[in-house]
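Below is one structure, written out as structure tokens; comments come after it.
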Amino acid sequence: MAKVTAGRDALGDFAPKFAELNDDVLFGQVWSRETEFAPRDRSIVTVTALITGGNFEQLPFHLNKAKENGVTKEEVAEIITQLAFYVGWPKAWSAFNIAKEIYKD
């Protein structure tokens, strides 16, 4: 996995500790634990959590990561459809609009 610097790039000057935790701990230590939990599965869980929480600002990055990790368009559509009944129709619509852009090719 390529080193993530999004935290430092976006918040390094404003919130250096948060940026460090984002880049070094979350992406550097947690996401790198591929023998404990496959990246594909980690992506599915992360995308599901983001949609559930209505955290759509972070969803494009993680849908792209899910796509890179082998999660198919059909699987994403099923995930969002399943979630619609548990977390709300509006959240599903919002997630579908983002997923359509990520998986348009």
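Index from 1, following the sequence. The shown structure was predicted, so the numbers you read here are calculated from the model rather than taken from an experiment.
Scanning both residues, Leu11 and Ala19, for their nearest heavy atoms gives C-CB, 4.3 Å. Heavy atoms only, all atoms of each residue included: Ala95 and Phe56 are closest at N-CE2, 3.9 Å. For the residue pair Val30 and Arg42, the shortest heavy atom distance occurs at O-CZ, 3.4 Å. Of all the heavy atoms in Gln29 and Arg33, the pair that sits closest is O-CG, 3.1 Å. Nearest heavy-atom pair across Val71 and Tyr103 is O-OH, 2.7 Å. Counting all heavy atoms, side chain and backbone alike, Gly7 lies closest to Asp23 at N-OD1, 2.8 Å.
One finds the CD1 atom of Ile51 at 11.0 Å from the OG1 atom of Thr46 (value rounded to the nearest 0.5 Å). Considering NZ of Lys17 and CG of Asp24, their distance stands at 8.5 Å, rounded to 0.5 Å.
In terms of hydrophobic clustering, with Ile, Leu, Val, Met, Phe, Trp and Tyr side chains grouped at heavy-atom distances under 4.5 Å, Trp31 and Leu59 are assigned to different clusters. Placement of Phe37 and Leu50 in two distinct hydrophobic clusters is found when ILVMFWY residues are connected by side-chain heavy-atom separations under 4.5 Å, directly or transitively. Residues Leu26 and Phe18 fall into different hydrophobic clusters, defined by Ile, Leu, Val, Met, Phe, Trp and Tyr side chains chained together at heavy-atom separations under 4.5 Å.
In Glu57, the CD atom is not crowded: 12 or fewer heavy atoms of neighbouring residues, nucleotides or ligands sit closer than 6.0 Å. The 12-atom threshold is not exceeded at CG of Asp13, counting heavy atoms of other residues, nucleotides or ligands nearer than 6.0 Å. The number of heavy-atom neighbours closer than 6.0 Å to CZ of Arg40, taken from other residues, nucleotides and ligands shown, is above 12.
Side-chain contact between Val76 and Leu63 is present, with at least one heavy-atom pair separated by less than 4.5 Å. Using a 4.5 Å cut-off on side-chain heavy atoms (C-beta onward), Lys100 and Lys73 make no contact.
With sequence neighbours excluded, no residue forms a ring pair (Phe, Tyr, Trp, His ring centres under 6.0 Å) with Phe96. Legend: residues meeting side-chain hydrogen bond (donor to acceptor under 3.5 Å, both in side chains) with Lys67, ordered by chain and number and at least two apart, are Asp105.
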Just list the side-chain donor-acceptor pairs under 3.5 Å for residues 77-85, sequence neighbours left out, or say none.
unit_1	atom_1	unit_2	atom_2	d
Thr81	OG1	Ala77	O	2.8

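Ring geometry for His62 versus Phe27: interplanar angle under 30°, hence parallel rather than tilted (30 to 60°).
Under the 3.5 Å distance criterion, the side-chain polar atoms of Thr72 are matched with a main-chain donor or acceptor of Glu75.
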